[in-house]
Each structure stands twice: as structure tokens, then as C-alpha cells.
Amino acid sequence: TLALSLTILPHIPPFSSVNSGDRKNFTMDVRRRPVKPFYPSEHISSGETLKPHNQDSSVKASDALPLPLYLTNGLFFTMFFSVMYFLLHRWREKIRNGIPLHVLNFSELVAMVSLIASVIYLLGFFGIGFVQSFVSKGNNDSWDVEDESPEQFIDRTVTPPPVRPNIPMKSVLVAEKTGQIITPFSSEDDEVVIKSVVEGRIPSYSLESKLGDCKRAAFIRKEALQRSSGKSLEGLPLDGFDYESILGQCCEMPIGYIQIPVGIAGPLLLNGKEFSVPMATTEGCLVASTNRGCKAIYVSGGATSVLFRDAMTRAPVVRFGSAKRAAELKFFVEDPINFETLSVVFNKSSRFARLQNIQCAIAGKNLYMRFSCSTGDAMGMNMVSKGVQNVLDYLQNEYPDMDIIGISGNYCSDKKPAAVNWIEGRGKSVVCEAIIKEEVVKKVLKTEVATLVELNMLKNLTGSAMAGALGGFNAHASNIVSAVYLATGQDPAQNIESSHCITMMEAVNDGKDLHISVTMPSIEVGTVGGGTQLASQSACLNLLGVKGANREAPGSNARLLATIVAGSVLAGELSLMSAISAGQLVKSHMKYNRSCKDVTK
């Protein structure tokens with residue numbers, strides 16, 4: 001065994017590849033596996049001149065002995081396990097007898113050498129061979145041609161086009177009709193692709209998959225759009241954005257990105273903690289006004305918020321042949337015994353989704369079932385939709401005559417003003433309050449407590465009722481909600497129901513101080529998924545301390561973000577109402593919301 005090991009060790013190939021010249025001089029009389037040759041086809045490589053594959057180009061650990069492969073493998077496997085059994089048996093005896101393990105006799109020394117030889121062989125066979133074949137496959141897997149002989153490719157080379165910096169080569173594109181190869185290396189090739197898109201021979205939506213370069217696809221799509229529309233997009237930036245990050249999750253067919261400035265309001269003292277609130281907006285005075293409200297809250301001792309409900313909803317609509325059958329399903333779903341079964345089916349969709357209740361409404365033969373569930377740190381629309389689909393599939397077996405019209409029947413209600421959200425809530429329901437001291441009202445807010453209370457009653461309550469407002473009993477809650485949503489990667493369309501808010505003010509402490517509160521029943525936010533994964537929005541979430549999922553307490557990050565949104569709205573309401581009561585609204589907007597500079601110069 002020792003002689004065999006010493007014979008094998010010098011011939012085990014090193015990890016680095018042997019160059020082709022050395023392979024030709026390799027005279028050891030050993031068996032060679034046939035190696036499939038590869039040939040350059042119409043595809044081209046990125047950056048290196050193609051070289052022929054010699055048939056002796058692959059040296060493997062199994063070439064160490066002039067034996068068939070299965071015998072070589074069997075020999076080394078047998079040696080490995082036999083030596084391991086012998087050594088383990090000897091070590092056990094040494095431990096029992098108190099003999100040090102490092103003291104070796106001749107047989108143990110031979111066994112150790114044999115073990116090392118077998119391990120080197122096995123690593124060479126399974127490790128090095130795999131790595132070499134993987135690297136070779138990664139570089140050349142598109143060049144293998146079965147129907148050519150070796151004489152057809154020896155000494156053939158292909159010189160690649162000049163490399164354009166910072167654009168990786170992931171795939172190539174062959175222009176239709178002309179058969180011309182399009183590579184992401186030169187402006188001439190870009191011109192070919194742009195013309196193909198303008199002429200309709202290459203769909204604009206397929207550029208990412210065909211080119212393998214998201215930024216280049218955006219550039220070509222933008223240029224093709226300018227040519228086909230005849231309109232300039234010069235002011236729309238392209239550079240400085242990671243287009244890979246939005247592929248398949250945030251935006252399709254991008255041509256650039258828009259710039260929205262982000263301001264900071266705060267510190268907002270909420271529940272004993274300070275938060276600097278990021279707000280993305282183009283409305284002058286908004287950040288400054290919210291910042292003033294944060295100051296008034298801070299010097300008055302801070303605000304307090306309570307989250308009293310957390311449930312995302314989805315309401316499918318189903319139809320039966322009669323209203324009686326629709327009512328039967330309503331009774332079935334609302335039965336507590338059946339609800340437990342439906343909960344098990346629903347909760348299979350996610351480890352975070354937990355069904356809370358199902359609220360049903362009938363309209364003739366149609367039944368609307370409003371599912372409510374917790375969704376962890378995600379906003380949860382996709383999560384609850386998957387759970388609803390599971391329940392519908394289960395109910396279809398119990399009620400084969402049930403016709404599923406749609407997984408969303410607008411009884412949810414998503415991205416629309418709806419009384420069901422205002423009354424029942426959707427997402428996170430939060431109430432936030434603060435007591436503003438009399439001297440703060442006068443010195444910071446420049447107004448009086450009694451004036452604020454009267455304005456709130458006549459504007460936010462009576463005026464909104466006269467207008468028939470639905471959840472809009474506030475001054476400008478949507479301003480703050482939209483700005484925070486844009487900065488933190490939330491769905492801006494959900495500002496509609498998330499801005500449902502009623503602002504209450506009353507004089508306390510013998511009429512000296514002001515008690516202000518905002519109640520927001522449907523704040524829809526998340527800290528994972530969607531736009532929260534983008535770099536800028538993720539940074540804003542990190543600033544608030546709610547980035548990503550909370551592993552210790554799932555859902556707590558999203559709930560904290562909802563309370564921060566409510567606290568920011570409280571600050572915004574306080575400041576704007578004070579500006580209106582003091583007659584400063586027009587003056588401040590004329591000062592801060594009008595530019596006197598020619599920004600184009």
C-alpha cells in the first residue's frame with residue numbers, strides 16, 4: 001500500500017490547469033478519456049481569443065493508474081475506508097490504554113500515508129475535475145458543435161470587437177432578417193439594436209432578456225422612444241441607478257428615473273424615542289411645516305401613539321345560482337367551527353400570514369368575503385391574496401356550483417376611498433396624541449389655543465361633513481403620508497386609504513393647553529418587499545431604524561413605521577392648522593414655494 005501511494009502521489013495533477021504545450025510533452029503511458037472538442041460558432045466570446053481544444057487537454061486524478069476508471073475508483077475507495085477503519089480501531093485502543101495518539105508505529109505510519117494518498121485522489125477526482133469542467137463549461141458551453149471534425153477547428157481563432165468599459169457580456173443578439181450579430185461592445189451595435197426596436201423587429205419589452213444588460217436595455221429603449229416619438233428626453237437621467245435591482249419586481253421597460261428631493265423633519269419625539277423623518281416631496285413648505293410641528297411636540301414633552309389593529313384584507317367575489325346558496329356559504333364561512341378549518345388552509349400560504357376573521361356581505365346571488373390577516377413586516381397584499389386563493393380552492397370542492405368571479409371584488413378595498421376601510425380599518429390602525437403647552441402654541445406656532453380649537457371644528461369637522469368627505473376630516477394628512485411613502489418605498493397609490501384621518505383638538509388644563517390627536521384606521525406600510533429593497537428607500541428605512549424584517553418580533557418594524565407615519569401626520573396637522581389660524585399660509589407659500597431663480601441656467 002505504501003509503495004502504491006508513493007507511486008500515485010507524483011502524478012496527481014495540481015489545482016491549476018496544465019498549459020497546452022506541457023500536455024503535448026506529457027509522455028506518461030496512461031489511459032485518456034475522450035474529450036469532446038469545441039468549436040467557435042456564430043456566437044463570440046468576451047475578451048479573449050478563442051483557442052482550439054486539444055484532445056489531451058484534460059488531465060484528471062483518475063489518470064494516475066493505467067486501469068479502467070471503475071477499478072481505479074474502487075481501489076481508492078476501498079483503501080480509504082479500510083485505512084479509516086484500521087486507524088479508528090487503533091485510536092480506540094490507544095485511548096483505552098492511555099497511549100498518546102501522536103505516537104505511531106510502522107503500520108500506523110503506513111496507514112496515514114495511504115489515507116493521505118486516497119484523500120488526495122478523491123479530492124482530485126471529485127473536486128478538481130469538477131472545478132476544471134465547470135470553468136471550462138462556463139467559458140465554452142455555447143461553442144460545442146457535434147457535427148465538425150477536429151481538423152476543421154485547429155489553429156482557428158476569432159478576434160473579438162473592442163470592449164466597451166463597464167458593460168458585461170452576458171449574451172449576444174442576432175438581428176432578425178439580416179442575421180447580424182449584435183454584441184454589447186460598440187456604439188455601432190447599439191445603433192443596430194435601436195433601429196430594430198424602432199422598426200418593430202425587436203420588442204422593447206424583451207431587451208433585458210436579449211441583451212443581458214439592464215442599463216444598456218434602458219439606454220436603447222430610451223433612444224428608440226425619442227426617435228419614434230420625436231420628443232426629447234434629455235432631462236431624464238439614466239446613469240447612477242441600479243437597473244438590476246428593479247428587474248422583475250419594481251418597474252418594467254425602464255428608460256431612466258425621476259429625481260425627487262428628500263428632506264428631513266424632526267426630531268420627532270414619539271413614545272420616548274426620537275426619529276428623523278425622511279420626506280420625499282416637491283412641494284415647498286411641506287418639510288419646513290412638518291419640522292415646525294415636530295419642534296412644538298418635542299418641547300411639549302413628545303407624542304404618544306397606540307396601534308390598535310393590524311390586518312391586511314382581500315375580498316373575493318363569488319356567485320351562485322341563487323341568493324339562498326350564497327347565504328348558505330356565508331353561514332358556513334362565519335361558523336366558528338368551520339373558521340378553524342379555513343384558517344389552517346389559509347395559513348399554509350406563508351409562515352407569517354395568520355387569518356383573523358372573514359366578514360361577508362351579500363348582493364343578490366353574489367357573495368363578498370373580506371379576509372383579514374396579519375402579514376408580518378410585509379405590507380401583505382400578495383401574502384393575503386395567496387391565502388385567499390387557497391381557501392377558494394378548498395371551498396370549490398365543498399361548493400362545486402360556486403363560480404369565482406374574481407379574487408378581488410373591491411370590498412377589500414384597495415387604492416380607493418371606501419367606508420369599509422374607514423370603519424373597519426385596513427393595514428395598521430393607529431391613534432396618536434400630544435398635549436401642546438400654552439407657551440409653545442404662542443411662541444412656536446404663533447397662535448392661540450382657542451383659535452385652533454375653533455378652526456379645527458369648523459374646517460376639519462364641519463367643513464369636511466359639508467363636502468361629504470369620506471375619511472377626510474383633516475387638514476392635509478395625505479401630504480405627509482405621500483412624502484413618507486415615497487421616501488421609504490411604500491406603494492404611493494395606497495396613500496388614498498392610508499390618508500384616512502380625523503384630527504381632533506380641544507382645550508385642556510383649564511383651557512390653557514391644547515390636546516391634539518389624529519386617528520388613522522388604515523395605514524398600509526411594510527418594511528420588506530417592493531420598493532423597500534431599493535438602495536435609496538432602504539437607506540431611509542434604516543434612518544428610522546425599521547429596515548427589513550425584525551427577526552426577534554416579526555411585524556414590529558412595520559408596526560413601528562405605521563406609528564411614525566401617524567406621528568408625522570400629527571406634526572403636519574398641528575403646524576398647518578396654526579399657519580391658517582394665524583393667517584400665515586399664503587405668506588409662507590409665497591416665500592418658500594416660489595422660486596425666483598432661473599434653474600435652467
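Index from 1, following the sequence.
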Worksheet item: Do N390 and S349 have a side chain donor and acceptor closer than 3.5 Å?
Response: no
Donor-acceptor pair, side chain of [X] and main chain of [Y], under 3.5 angstrom:
X: T313; Y: C412; answer: yes
X: S498; Y: E524; answer: yes
X: K222; Y: L236; answer: yes
X: T527; Y: G548; answer: yes
X: N347; Y: L355; answer: yes
X: R351; Y: K348; answer: no
X: Y257; Y: D239; answer: yes
X: Q249; Y: S245; answer: yes

Pairwise distance [atom1]([X]) to [atom2]([Y]) - rounded to 0.5 angstrom:
X: M312; Y: N382; atom1: CE; atom2: CG; answer: 10.5 Å
X: L207; Y: I194; atom1: CG; atom2: CD1; answer: 10.0 Å
X: E208; Y: M253; atom1: CD; atom2: CE; answer: 9.0 Å
X: R90; Y: Y85; atom1: CZ; atom2: OH; answer: 12.5 Å
X: L307; Y: I523; atom1: CG; atom2: CD1; answer: 8.0 Å
X: I220; Y: I255; atom1: CD1; atom2: CD1; answer: 14.0 Å

Flag yes if more than 12 heavy atoms outside [X] fall under 6.0 Å of its [atom1] atom; otherwise flag no.
X: N271; atom1: CG; result: yes
X: E234; atom1: CD; result: no
X: I337; atom1: CD1; result: no

Kindly give the heavy-atom pair with the smallest separation between [X] and [Y], and that separation in Å.
X: A558; Y: G526; answer: CB-CA, 4.3 Å
X: E274; Y: P267; answer: OE1-CB, 3.9 Å
X: A549; Y: D377; answer: CA-OD2, 3.4 Å
X: L233; Y: Q226; answer: N-OE1, 2.7 Å
X: L544; Y: S276; answer: CD2-O, 3.2 Å
X: F219; Y: D190; answer: CE2-OD2, 3.8 Å

Worksheet entry | CA sep, side-chain torsions, deciding dist, call: V384, F346, side chain to side chain contact (heavy atoms under 4.5 Å, CB included) | CA-CA 8 Å; V384 67; F346 184 97; 3.8 Å; yes
Item to complete: List the steps and the verdict of side chain to side chain contact (heavy atoms under 4.5 Å, CB included) for Q490 and L561.
Response: CA-CA 11 Å; Q490 311 304 312; L561 179 58; 3.6 Å; yes
Any side-chain heavy-atom pair from [X] and [Y] closer than 4.5 angstrom?
X: Q537; Y: T488; answer: no
X: L115; Y: M79; answer: no
X: E93; Y: H89; answer: yes
X: M369; Y: L395; answer: yes
X: D414; Y: S408; answer: no
X: D491; Y: M381; answer: no
X: T563; Y: L560; answer: yes
X: P278; Y: I264; answer: yes

Discussion item. Would Q389 and D393 count as a side chain to side chain contact (heavy atoms under 4.5 Å, CB included) here? Give the steps.
Written reply: CA-CA 6 Å; Q389 186 63 57; D393 294 340; 3.1 Å; yes
Fill in: Any residue meeting side-chain hydrogen bond (donor to acceptor under 3.5 Å, both in side chains) with S385, in chain and number order, not counting sequence neighbours
R314
Fill in: side chain to side chain contact (heavy atoms under 4.5 Å, CB included) assessment of V528 paired with Q533
CA-CA 7 Å; V528 296; Q533 302 177 64; over 6 Å; no
Item to complete: May I ask you to say whether R221 pairs ionically with E252, meaning some side-chain N is under 4.0 Å from a carboxylate O?
Response: no
Worksheet item: Between F241 and Y243, how do the two ring planes meet: parallel, tilted or perpendicular, split at 30° and 60°?
Response: perpendicular
